[in-house]
Every structure is written in structure tokens, then in C-alpha cells.
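Residue numbers count from 1 along this sequence.
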Amino acid sequence: MMRPATMIRNACLRNFSQSLRVGSAFLKSGDFCRYTSQAAASLQQDCEPSAYSDDESADHMDWDNLGFGLTPADYMYTMKCSNDYFEKGRLSRYGKIELSPSSGVLNYGQGLFEGMKAYRKEDGQLVLFRPDQNAIRLQTGAERMCMPSPSIDQFIDAVKQTALANKRWVPPPGKGSLYIRPLLVGSGPILGLAPAPEYTFLVFASPVGNYFKGLAPLNLYVEDEFHRATPGGAGGVKAISNYAPVLKAISRAKNRGFSDVLYLDSVNKKNLEEVSSCNIFILKGNIISTPATSGTILAGITRKSIIEIASDCGFQVEERAIPVDELLEADEVFCTGTAVVVAPVGSITYRGKRIEFKTGAQSVSRELYSTLVGIQTGLIKDNKGWTVEIN
């Protein structure tokens, strides 16, 4: 029987006839999907020209050993909103912000965040990956949390300004990326339970290493006591209040030697939902399945991209309810997210039973990872218009 990794290469070669522009670092594992470039429209920049210098560089950084931790870049972006009107934003030095003790975000958790990355291509050009999707997701979350939200253009402009101002913190090609964190919070004072009277949109950044590099396959624990989200709640949006409640389950799992937690649905306690901060996929033969985003699961942008790439490469992709018992028959399991990109799962433990899965250079998850990263970093031509240049 033909191996899945071979199938994905052959399917892509059949489906795509366009040429592949390959960097030397990518030639070994990413030679199977072929995309032609489409011009990505960039938005008008309004950066303060004196705020930063293109000639500066973070030469003191050890890019080869850059981990996934906070190293604050020089500048952050701030934009205020009152009466549903967002005023013109501005760049300032990264630092502390002033916040009322009675602010909506501190008292009632009225806040959202996004996560995205800027990459440096081989020619030095900086690019973002699908920033419009982050903007749309923030708008969806803001509607759920009774908050005004920036327009798509305002969001992308703020992110581009932040990335450009912190250009010297974008790692060299192949060494990592500039992680960008947009935040929308209820900053106005409020005592009774109600939407805040004022909002602040913030964007800050930090260089991060290649999360996948040197990362051992994940060893997950299926959590059947704690739940990440419930129907009718806010699990389907990127609310800040969704994340602190999972810390107890994560801490308990890590104390037992596991990498992270895989959650089940809170109603039947039998269907897979997601890992603490990323989506999950299972592979069986030529079928790749992932839980449907039905209100309790975050609609990940990496998830959405992998679904499309896998479909283009000949896989049958299903978004559906996945009983936990299907893990017993899976060939591969992997997670997707902005931080992990595509991370292989080596084993999952459920009720004392450990189930192991295929990983390694010949795995489908590695091939999907290589294709996605190739598009994000310009090593594979982008014929989908997913990447946006920062000028």
C-alpha cells in the first residue's frame, strides 16, 4: 500500500503544474506542493518615520537558540475607542500601560487577543500571513463580547506598523519569526455588569524561535474532568477568559509528564474538542479529520489553512464530531496553531491507556508543516494570496 506521505507528494504533483521557487534550506522536505505567486495588496502605511531606524539590527540576539518566550520588541501600537469610534492609533515605546482598577477587562474579563507572525524572506522582505483572517476573527469575538472592533483595514494597518517599527527584531530567514499579539480590551471604568464605556486596541511583538525545530512529538493527556468550553459559551472566540481556566489541567498533566491536555466535549464527554491552545487533526489512510467548529472550538487560521492545503493535495478532509475511540485506529495525530504551526503527536493517554502514532520526516504532518511554512516564508510561491508584504 502506498504510504500517506507518498500520496501527498504524488497528489500535489498531479494537481499543481506551476513552478516552485525553493530555498536551499527547504529543498529536502518541502518539494511537493507547487504554488504560483499572486500579488498581495498592501495597505497604506502611516508610520512615524522618526520612530525607528531600518539601519538598526538586533545583532546581540542569539538567533540560533531563540526559544518561544517573551523578548519585548521596541515598539507597541495603541488605539483608543469611545462611542464606537476608534481614534487614530500611534506607536510608542513598549512599556506599561495605565488602566483603571474598575476597567471592564480587570473586573469582568472583557477582552480578546489574537496571535500572528511576521516573517523575513530570503530577500529581506517582511510578510504577514493571512492578517485579514485575524481581523475577521477579532470582529467575530468582539460581537460576542459586546465590544466595538477595528475595521479590517485598521487592524492590518496597526499590525503592519508594529512589525515595521520592530523590523530589527524579525529573525533572519529560517531562524524564527516576529510573534505579534493584538489585544482588544475594555479599558473604561465600569462598576455594574455592563460593557465598558471605552476600549483600547493594543499590538505588541516579540521575536520567537521555530517552535517545531528540535521539538519532540507531543505527549497528550485526555482530560475527562475539566472542560475547556461549553455549548453557548465563548469557546469559539479568542476571549482572554478562555485561557486561565485551563492552567490547572495543564499543570496537572505536566506534573505527570505530559506535554499538554486534549479536551473532550462537555456534554457527552466522548468527542475530541481541542488541545489547550491549538486545534487537533487525525489521519487514517487518505482521510484527515478535525472536530467541527460548532461554537466550543476556536476556528484556527492555521487550521483553516491546513484544511485547504491538505484538500489541494488530494486528501479527503472532514470536519465532524470525532469520538475519542477513533484515536485507537488513527495513523497520525497532529496539532495546528500559530505558535506550534503543525506539531506531531507521538502519543495520547486516555484512561490509563497510551496510544502511539507515526511521526518523523516521512509523516504527513511533517509534509503539511513544510508546505505551510514554505508559503509563509516565501520559499513556496503563494498562489492563494495568503501572504501580505509589509512595505
Which heavy-atom pair separates [X] from [Y] by the least distance, and what is that distance?
X      : Y      : result
Pro131 : Ile156 : CB-CG1, 4.1 Å
Val203 : Ala158 : CG2-CB, 4.2 Å
Gly235 : Asn242 : CA-ND2, 3.9 Å
Arg144 : Gly232 : NH2-O, 3.2 Å
Leu138 : Pro150 : CD2-CD, 3.9 Å
Thr296 : Ala229 : O-CB, 3.5 Å

Next on the checklist: Please report whether the ring centroid of Phe226 lies less than 6.0 Å from that of Tyr263.
Outcome noted: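 No, too far apart.
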Is there a donor-acceptor pair under 3.5 Å between the side chain of [X] and the backbone N or O of [Y]?
X      : Y      : answer
Asp265 : Asn268 : yes
Ser149 : Gln139 : no
Ser177 : Tyr179 : no
Glu367 : Val364 : no
Lys160 : Asn391 : no
Asn271 : Ala321 : no
Asn279 : Gly337 : no
Asn166 : Thr162 : yes
Asp382 : Ile375 : no
Ser305 : Ile301 : yes

Item to check | side chain to side chain donor-acceptor pair (under 3.5 Å) between Ser363 and Lys358, worked out | outcome: CA-CA 7 Å; Ser363 64; Lys358 177 184 175 180; over 6 Å; no
Next on the checklist: Determine whether Leu202 and Ile97 satisfy the following criterion, side-chain contact (heavy atoms from CB on, under 4.5 Å), listing intermediate values before the conclusion.
Outcome noted: CA-CA 10 Å; Leu202 292 166; Ile97 62 173; 3.8 Å; yes
Straight-line distance of [X] [atom1] to [Y] [atom2], nearest 0.5 Å:
X      : Y      : atom1 : atom2 : answer
Met147 : Met145 : CE    : CE    : 7.0 Å
Ile250 : Asn255 : CD1   : CG    : 11.5 Å
Gln154 : Ser151 : CD    : OG    : 3.5 Å
Asp132 : Trp386 : CG    : CH2   : 11.5 Å
Tyr75  : Tyr94  : OH    : OH    : 15.0 Å
Ile307 : Ile309 : CD1   : CD1   : 11.0 Å

Item to check | Working for side-chain contact (heavy atoms from CB on, under 4.5 Å), residues Lys284 and Ser289 | outcome: CA-CA 8 Å; Lys284 177 63 177 177; Ser289 303; over 6 Å; no
Answer yes or no: is there a side-chain heavy-atom contact under 4.5 Å between [X] and [Y]?
X      : Y      : value
Leu128 : Thr387 : no
His227 : Lys269 : yes
Arg93  : Met76  : no
Arg366 : Phe334 : no
Leu298 : Thr293 : no

Under 4.0 Å between a Lys/Arg side-chain N and an Asp/Glu carboxylate O for [X] and [Y]?
X      : Y      : value
Glu225 : Arg252 : yes
Asp74  : Arg168 : yes
Lys270 : Asp224 : no

Next on the checklist: Let's go through Gln110 and Tyr199 carefully: what are the C-alpha distance in whole Å and the side-chain angles of both, what is the deciding distance for side chain to side chain donor-acceptor pair (under 3.5 Å) to 0.1 Å, and is it a yes or a no?
Outcome noted: CA-CA 10 Å; Gln110 193 184 26; Tyr199 297 87; 3.2 Å; yes
Next on the checklist: One pair to check against side chain to side chain donor-acceptor pair (under 3.5 Å): Arg90 and Tyr77. What are the steps and the verdict?
Outcome noted: CA-CA 6 Å; Arg90 67 183 185 89; Tyr77 181 95; over 6 Å; no
Side chains of [X] and [Y]: donor-acceptor distance under 3.5 Å anywhere?
X      : Y      : answer
Gln316 : Asn286 : no
Ser259 : Asn219 : no
Gln133 : Lys304 : yes

Checklist entry - Could you walk me through whether Glu308 and Arg303 pass the salt bridge (Lys or Arg N to Asp or Glu O under 4.0 Å) check? => result CA-CA 9 Å; Glu308 190 166 339; Arg303 172 188 181 275; over 6 Å; no
Item to check | From Val388, Ile180, Leu164, Asn134, residue fulfilling side-chain contact (heavy atoms from CB on, under 4.5 Å) relative to Val159 | outcome: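 Exactly one candidate clears the test, Ile180.
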Checklist entry - Among Val340, Leu262, Thr336, which residue meets the side-chain contact (heavy atoms from CB on, under 4.5 Å) test with Val275? => result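 Per the side-chain contact (heavy atoms from CB on, under 4.5 Å) rule, the option paired with Val275 is Leu262, out of Val340, Leu262, Thr336.
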Checklist entry - Could you walk me through whether Lys238 and Glu114 pass the salt bridge (Lys or Arg N to Asp or Glu O under 4.0 Å) check? => result CA-CA 7 Å; Lys238 209 164 177 65; Glu114 281 294 325; over 6 Å; no
Checklist entry - Which is it for Ser187 and Thr200 under the side chain to side chain donor-acceptor pair (under 3.5 Å) test, yes or no, and what are the steps along the way? => result CA-CA 6 Å; Ser187 52; Thr200 300; 2.7 Å; yes
Next on the checklist: More than 12 heavy atoms of other residues, nucleotides or ligands under 6.0 Å from CD of Glu143: yes or no?
Outcome noted: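 12 or below, so no.
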Next on the checklist: Between Tyr108 and Ile190, is the side-chain contact (heavy atoms from CB on, under 4.5 Å) condition met? List the steps.
Outcome noted: CA-CA 9 Å; Tyr108 301 117; Ile190 191 78; 4.1 Å; yes
Item to check | Val341-Phe315 co-clustered via ILVMFWY side chain contacts under 4.5 Å | outcome: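 Yes, Val341 and Phe315 fall within the same hydrophobic cluster.
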Item to check | Leu191 vs Ser102, side-chain contact (heavy atoms from CB on, under 4.5 Å): CA-CA, chis, key distance, verdict | outcome: CA-CA 6 Å; Leu191 184 59; Ser102 58; 5.8 Å; no
Next on the checklist: Applying side-chain contact (heavy atoms from CB on, under 4.5 Å), can you list everything that pairs with Val333, at least two apart in sequence or on another chain?
Outcome noted: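 Only Ile280, Ile282, Leu327, Ala330, Val345, Ile348, Phe357 meet the side-chain contact (heavy atoms from CB on, under 4.5 Å) criterion with Val333.
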Item to check | For Pro173, side-chain contact (heavy atoms from CB on, under 4.5 Å) partners two or more places apart | outcome: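 For Pro173, the residues satisfying side-chain contact (heavy atoms from CB on, under 4.5 Å) (neighbours in sequence not counted) are Arg120, Glu122.
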Checklist entry - Of Glu274, Glu273, Glu223, which meets salt bridge (Lys or Arg N to Asp or Glu O under 4.0 Å) against Arg228? => result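 Exactly one option meets the salt bridge (Lys or Arg N to Asp or Glu O under 4.0 Å) with Arg228, and it is Glu274.
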